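Labels below follow one simple rule: chain letters A, B, ... track the order of the sequence lines, proteins then strands, and each chain is numbered from 1. Quick caveat, the model's predicted, so the values are computed rather than measured.
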There are 2 protein chains.
Amino acid sequence: MNIKEASEKTGVSSAAIRYYEKEGLIPAIDRSDNGNREIDERIIRRITFARQMRAAGMSIENLRRYIQLFDSNEDNTREQMDLLREQMTQMEEKRDDIQAAIDHLHYKLDHYDDHMQSAEDELRELERKHDNQK
Amino acid sequence: MNIKEASEKTGVSSAAIRYYEKEGLIPAIDRSDNGNREIDERIIRRITFARQMRAAGMSIENLRRYIQLFDSNEDNTREQMDLLREQMTQMEEKRDDIQAAIDHLHYKLDHYDDHMQSAEDELRELERKHDNQK
DNA sequence: ACTTGCCTTGAAGTACACTTTAAGGTTTAA
DNA sequence: TTAAACCTTAAAGTGTACTTCAAGGCAAGT
């Protein structure tokens with residue numbers, strides 16, 4: 001499979017696949033005789049994994065660190081797991097931040113009919129509700 | 001309250017508060033006699049709202065669009081609500097992306113003991129599980 | 001008078017994650 | 001043989017969201 005097909009299959013642009021390879025987010029890709037990348041299912045899975053982690057906000061730097069551990073032959077299970085746990089914690093925080101924002105906007109939408117004269121009214125209302133929860 | 005106190009209270013840097021004001025993410029802030037910003041609770045709430053939306057991944061551009069509608073005197077309830085709903089949809093998608101990544105990493109962590117010889121083993125395992133779910 | 005510590009502005013600089021460009025190579029089809 | 005459609009690389013460019021810098025002002029304390 002050439003890079004264009006891989007791009008279509010994974011939803012990652014050809015340029016980004018090259019970039020990921022150069023940055024060590026995916027393994028080095030074998031070349032065919034003419035020097036073109038010959039992409040197999042193993043690489044597709046690695047690209048897809050990278051895409052998923054990137055979509056969840058994992059930085060290039062952290063993803064590279066993890067992949068380097070992962071692809072090394074040494075037993076660095078401890079470090080890998082620590083890194084994974086650290087990333088999961090960050091993702092959970094981000095997920096919760098987003099959920100809080102969704103709840104906030106949901107509240108705004110639900111109360112649009114009641115009082116929409118001014119920004120202040122609405123913000124006071126939100127503030128009051130927030131205070132009551134404490 | 002001066003900008004430094006506001007920064008400490010909201011967790012948004014002084015420079016970012018100035019930037020948010022310039023970009024129209026928060027209203028224009030009143031100045032005291034010497035030209036310094038005099039920040040009250042209303043502004044604090046606006047900064048906090050901006051911070052929360054930013055933390056959830058809402059772009060400066062979209063936040064400005066919403067705030068401009070919000071602070072205008074015209075009745076653009078429809079546009080405001082449409083914008084809010086659009087943003088919520090985006091946030092929900094992002095939240096779900098993150099959750100999928102968390103689930104993936106969780107699976108990895110849970111199965112670390114079983115088979116950690118190679119990246120390929122693990123990825124095959126994930127692939128298999130994924131296929132089974134279809 | 002001077003240092004400290006805050007403030008102001010506009011402009012320039014930075015980090016991240018790609019994307020785009022430039023210059024060229026190969027393969028296939030007409 | 002020439003055009004189309006892919007590929008390669010290195011390097012430069014881009015957008016976002018700030019941060020940092022430079023140059024100066026104000027107010028209080030020593």
Side-chain angles (χ1 to χ4, degrees), chain A residues 1-26 28-40 43-44 46-67 87 90-91 94 97-98 101, chain B residues 1-26 28-40 43-44 46-67 87 90-91 94 97-98 101:
Chain A
M1 180 185 340
N2 65 20
I3 199 168
K4 203 193 180 207
E5 292 169 289
S7 168
E8 281 154 9
K9 213 165 180 183
T10 59
V12 178
S13 77
S14 299
I17 292 172
R18 294 194 193 98
Y19 171 72
Y20 285 1
E21 186 190 11
K22 197 169 64 174
E23 295 297 317
L25 271 52
I26 56 175
I29 302 173
D30 291 341
R31 308 311 173 97
S32 52
D33 289 348
N34 58 15
N36 290 11
R37 287 171 181 80
E38 185 49 50
I39 295 172
D40 59 18
I43 299 292
I44 291 290
R46 299 290 295 255
I47 296 169
T48 302
F49 176 69
R51 197 209 53 188
Q52 186 177 35
M53 293 305 125
R54 291 287 308 118
M58 190 170 180
S59 71
I60 297 285
E61 175 61 20
N62 280 338
L63 188 46
R64 178 182 24 231
R65 278 168 55 205
Y66 174 68
I67 293 296
Q87 282 306 310
Q90 282 182 27
M91 287 180 188
K94 195 153 195 173
D97 284 350
I98 293 175
Chain B
M1 184 187 332
N2 66 20
I3 199 168
K4 204 194 179 204
E5 292 170 289
S7 169
E8 281 155 10
K9 213 165 181 184
T10 59
V12 178
S13 76
S14 298
I17 292 173
R18 293 192 193 99
Y19 171 74
Y20 284 2
E21 186 189 10
K22 198 169 64 176
E23 294 298 316
L25 272 51
I26 56 174
I29 301 173
D30 291 340
R31 307 311 173 95
S32 51
D33 290 349
N34 58 15
N36 291 10
R37 287 170 180 80
E38 185 50 50
I39 296 171
D40 60 17
I43 299 292
I44 290 289
R46 300 290 294 255
I47 296 169
T48 302
F49 176 70
R51 198 209 51 186
Q52 187 177 35
M53 294 304 125
R54 290 289 305 119
M58 190 170 180
S59 71
I60 298 286
E61 175 60 22
N62 280 338
L63 188 47
R64 177 179 29 231
R65 278 168 55 205
Y66 173 69
I67 292 297
Q87 281 306 309
Q90 282 183 27
M91 287 179 189
K94 194 152 196 174
D97 284 351
I98 293 175

Spacing of [X] atom [atom1] and [Y] atom [atom2] [to the nearest 0.5 Å]:
| X | Y | atom1 | atom2 | result |
| --- | --- | --- | --- | --- |
| I17(B) | I44(B) | CD1 | CD1 | 6.5 Å |
| I67(A) | N62(A) | CD1 | CG | 11.5 Å |
| R46(A) | Y20(A) | CZ | OH | 14.0 Å |
| D97(B) | Q52(A) | CG | CD | 8.0 Å |

Axial bend angle, the helix from dA1(C)-dT30(D) to dA30(C)-dT1(D): five-pair end segments, nearest 10°: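 Taking the rotation axis at each end, their angle is 20°.
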
Looking at side-chain heavy atoms only, is the closest gap between I39(B) and K9(B) below 4.5 Å?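 They are not in contact (no side-chain heavy atoms under 4.5 Å apart), so the answer is no.
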
So do the side chains of R65(A) and E61(A) get within less than 4.5 Å of each other, counting heavy atoms only?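 Yes; the side chains approach each other to less than 4.5 Å.
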
In whole angstrom, what separates [X]'s [atom1] from [N]'s [atom2]?
| X | N | atom1 | atom2 | result |
| --- | --- | --- | --- | --- |
| N62(B) | dT16(D) | CG | P | 11 Å |
| D33(A) | dC6(D) | CG | C1' | 17 Å |
| E23(A) | dA10(D) | CD | C1' | 13 Å |

Of all pairs that satisfy salt bridge (charged side-chain N to carboxylate O under 4.0 Å, His left out), the ones with a partner from residues 10-21 of chain B, not counting sequence neighbours: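 Non-adjacent pairs meeting salt bridge (charged side-chain N to carboxylate O under 4.0 Å, His left out): E21(B)-R31(B), E21(B)-R37(B).
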
Which atom of M91(B) lies closest to which atom of A101(A), heavy atoms considered: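 Shortest heavy-atom separation between M91(B) and A101(A) comes out as SD-CB, 3.9 Å.
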
Could you run down nucleotides 5-24 of chain C 5' to 3' and tag each one B, S or - for protein heavy-atom contact under 4.0 Å? -SSBB-------BBSB----

